[in-house]
Amino acid sequence: MEAAMDLMRRMPPGSAETALNALLSLLPDHSLDLLSQVDLPLQVTPPPVTAGLPCASAFWVSSPWKSLLGIRCSAGRRVPFDRVVFVTKCAFVASGAENFCILFQVCMDKENMKEYILCEYNRDADSYRSPWSNKYDPPLEDGTVPSDEMRNLEIEANEVFSVYRDQYYEGGISSVYIWEDEDNGFIACFLIKKDGKGTRGYMQIGSWDAIHVIQVGPEEEGAAHYCLNSTVMLSLTTDNKQSGTFNLSGSIRRQMSMTLAVADGHLVNMGKMIEEMEGKLRNSLDQVYFGKTREMVCTLRPPPEVLNMRLPDS
Amino acid sequence: MSDEAGAGEPLSDHQKREIAVWFLSNAPAGEIHYVAKDVRALLGDDAVYEAAAAEAFPEYNKAHLVSLELPDRSGDIIISTYGELDKNDYLDPRTAQVATVDHIKQTCTKLRPAADEELPSAYIEEFRSALDIELSKYVSEAYPKGVCAVYCTNGKDIEGPGADFGFAVVISAAKRSPQNFCNGSWRSIWTMEFNYELQFIEIKGKIQVDAHYFEEGNVQLDTNIDRKDSTIMQSPDDCAVSITNIIRHHESEYLSSLEESYMKLSDATFKDLRRKLPVTRTLFPWHNTLAFSLTRDLAKELALGK
């Protein structure tokens, strides 16, 4: 698994999906581990078919979602939603390993005319549960849903987070999924997807995908322990005749843990942690994405001003 | 495409090899050994790994213009398609030697002087070495860790003026900082056709710059550009100077354009994607969930009312 993680840190971020599929076919026994550590960035158009890559079974040539499901359900039975999540959390916590990212899908909840994000956390077999209607699409007779208490929290979280998203992102799509944890705590997953299509006569495609998974421990003496794992995936591309192809993409992740009083409710605590985390990640993006890679380019070939200063000395 | 199809079926050796080759070929500059180690561990089958490595390493080395130290320490040799005489034999035009390389270990195993048939004629060599000298000066000034080579791609046996010939210039610079989780590479390939009749040199170039940062994440920069230019045919020394100036000009220009891209994207991202603070210039009022509940209830009532 260590080898698999190291590979995911080196493969081009744009090919992360292909890389993950390859790893899944090489390590079918570790599929749950691999899938649980995948942060799925979000895209509005269906992901491209990963043709040309050999796979464990015939149905990999269809959409990557189906193929992931295929591996998961290798024994021919449907793995129940909460069981999957339990294993997911275990693998996550046990190995403390990094997340890596491939692209997600977004679906339209026709009942409420709102979009929602598809990910492992709201999937059961081949269907995805909308956080707005709490129904599966395609419909599922006994699809797993959160308990009433969790569902109420989920409804409120989606609404509030939607406003938060609007304030900071001025657009985009968000979804929150909450489910019970085994020890009387719960897990909440907050997802945001934003696509930017810059204009200014400069052909540019950008996207920001954020995934925040908070594990909340059981309430003890009026306080609870919150463990947040966040990943932001950013992709920026320009392609024009003048400046050629410029593609900068990848992901960074951070962790934050706090014990807070539950007096004002979980949502306030979780919200504040996420807000603080996003602020930090945004700054990191500036330093990491722009700063470090730009520094590398200048190290490879220092700008002329630096050279001109050097020449008189030599 | 049925869902019950053997998801538990083991992969064939051929499939495993294809996967291994894919991983190896996509390794970022300077990282193929790390990737190789991981792939070898994952495959658990040395025979398949060696077959994949034998296929992937040579292509990787050529694509990344890997440079290896010559056994006699006379310099470096660049592995490129232009200098390839044979799968494992590469010409170093500067020292007129041929090195046999082990692609997987990325070392030179043998060295021998180049045979006359492998080298250009004296006439061509005049142009080639003049260009090589000018170019080496430029590369050592511009790139802290750059190497370059000039190859004759066609017409190497031409004895005197009257016919066309072609050269390829290869520049490669790499920076490895694995302890800082950062690696990068600059590769430029310039091809030029010397046209005798028109007394004209047509130049085409492709520049590729990559960087990889992987502390707590995986960020990769991947850029490339194509350039064209031309100049008139002159004496070998004058040609060398004007060609090198053209290359210098385009490469500096590209560097500035990369800087510009960085500035624009930096502004654009933070405008188009996420604000630093909401319009209210205060943090989000999480405590006001009560207000949201009220809004929600009101909205529901209004909807029902309709």
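Every chain is numbered from 1, with letters handed out A, B, ... down the list of sequences.
By the salt bridge (charged side-chain N to carboxylate O under 4.0 Å, His left out) test, A:Arg10 is found to be paired with A:Asp6, B:Glu31, residues two or more places apart in sequence or in another chain being considered. The salt bridge (charged side-chain N to carboxylate O under 4.0 Å, His left out) test applied to B:Glu259 returns A:Arg294, not counting sequence neighbours. Residues that satisfy the salt bridge (charged side-chain N to carboxylate O under 4.0 Å, His left out) test with B:Asp210, not counting sequence neighbours, are B:Arg187.
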The test is side-chain contact (heavy atoms from CB on, under 4.5 Å); show your working for A:Leu23 and B:Phe23 and say whether it passes.
CA-CA 10 Å; A:Leu23 286 173; B:Phe23 274 118; 3.8 Å; yes
side-chain contact (heavy atoms from CB on, under 4.5 Å) between A:Leu234 and B:Leu273, worked out:
CA-CA 10 Å; A:Leu234 193 62; B:Leu273 293 178; 3.6 Å; yes
Are A:Lys292 and B:Asn180 close enough, and set up right, to give a side-chain contact (heavy atoms from CB on, under 4.5 Å), and what steps lead you there?
CA-CA 10 Å; A:Lys292 293 257 171 191; B:Asn180 290 333; 5.9 Å; no
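There is no contact between B:Asp226 and chain A, counting heavy-atom distances below 4.5 Å. Neither the backbone nor the side chain of A:Glu276 comes within less than 4.5 Å of any heavy atom of chain B. With a 4.5 Å cut-off on non-hydrogen atoms, A:Leu27 touches chain B through its side chain but not through its backbone. Looking at B:Glu251, the atoms closer than 4.5 Å to chain A (heavy atoms on both sides) sit in the backbone and in the side chain alike. Heavy atoms closer than 4.5 Å to chain A are found in both the backbone and the side chain of B:Tyr34. For B:Val209, the part lying under 4.5 angstrom from a heavy atom of chain A is the side chain only. Contact of B:Arg227 with chain A is made through the side chain alone, with heavy-atom distances under 4.5 Å.
One finds the CE atom of A:Met11 at 9.0 Å from the CG atom of B:Asn218 (value rounded to the nearest 0.5 Å). Rounded to the nearest 0.5 angstrom, A:Leu26 CG and B:Gln15 CD are separated by 10.0 Å. The distance from the CD1 atom of B:Ile225 to the OG1 atom of A:Thr245 is 8.0 Å, given to the nearest 0.5 Å. Rounding to the nearest 0.5 Å gives a distance of 9.0 Å between CZ of A:Arg9 and CD of B:Glu215. To the nearest 0.5 angstrom, A:Thr293 atom OG1 is 11.0 Å from B:His212 atom NE2.
Looking at A:Pro303 and B:Leu255, their side chains come closer than 4.5 Å, going by heavy atoms from C-beta outward. Residues A:Pro12 and B:Asp222 form no side-chain contact, since every pair of their non-hydrogen atoms from C-beta on lies 4.5 Å or further apart. Taking the side chain as every heavy atom from C-beta outward, A:Lys272 and B:Leu283 never approach each other to under 4.5 Å.
The minimum heavy-atom distance between A:Met296 and B:Cys182, with the atom names listed, is CE-SG, 3.7 Å. Across B:Leu42 and A:Ala3, no two heavy atoms sit closer than the pair CG-CB, 4.2 Å. Contact record, B:Thr223 with A:Phe246: CG2-CD1, 3.6 Å, taken as the closest heavy-atom pair.
One N or O on the side chain of A:Arg282 and one on the backbone of B:Arg274 form a donor-acceptor pair closer than 3.5 Å. Looking at A:Glu275, its side chain does come within 3.5 Å of a backbone N or O of B:Phe284 through a donor-acceptor pair.
For the set B:Ala41, B:Ser252, B:Gly44, the count of heavy-atom pairs under 4.5 angstrom toward chain A peaks at B:Ser252. Comparing B:Ile207, B:Val39, B:Asn183 by heavy-atom pairs within less than 4.5 Å of chain A, the highest count is held by B:Asn183. Counting heavy-atom pairs under 4.5 Å between each of A:Ser249, A:Ser235, A:Gly244 and chain B puts A:Ser249 at the top.
When the heavy atoms of residues 172-179 of chain B are compared with those of chain A, the residues falling under 4.5 Å are B:Ala173, B:Ala174, B:Lys175, listed by number.
Relative to the ring axis of A:Tyr168, B:Arg275 does not place its NZ or CZ within 45° and under 6.0 Å from the centre.
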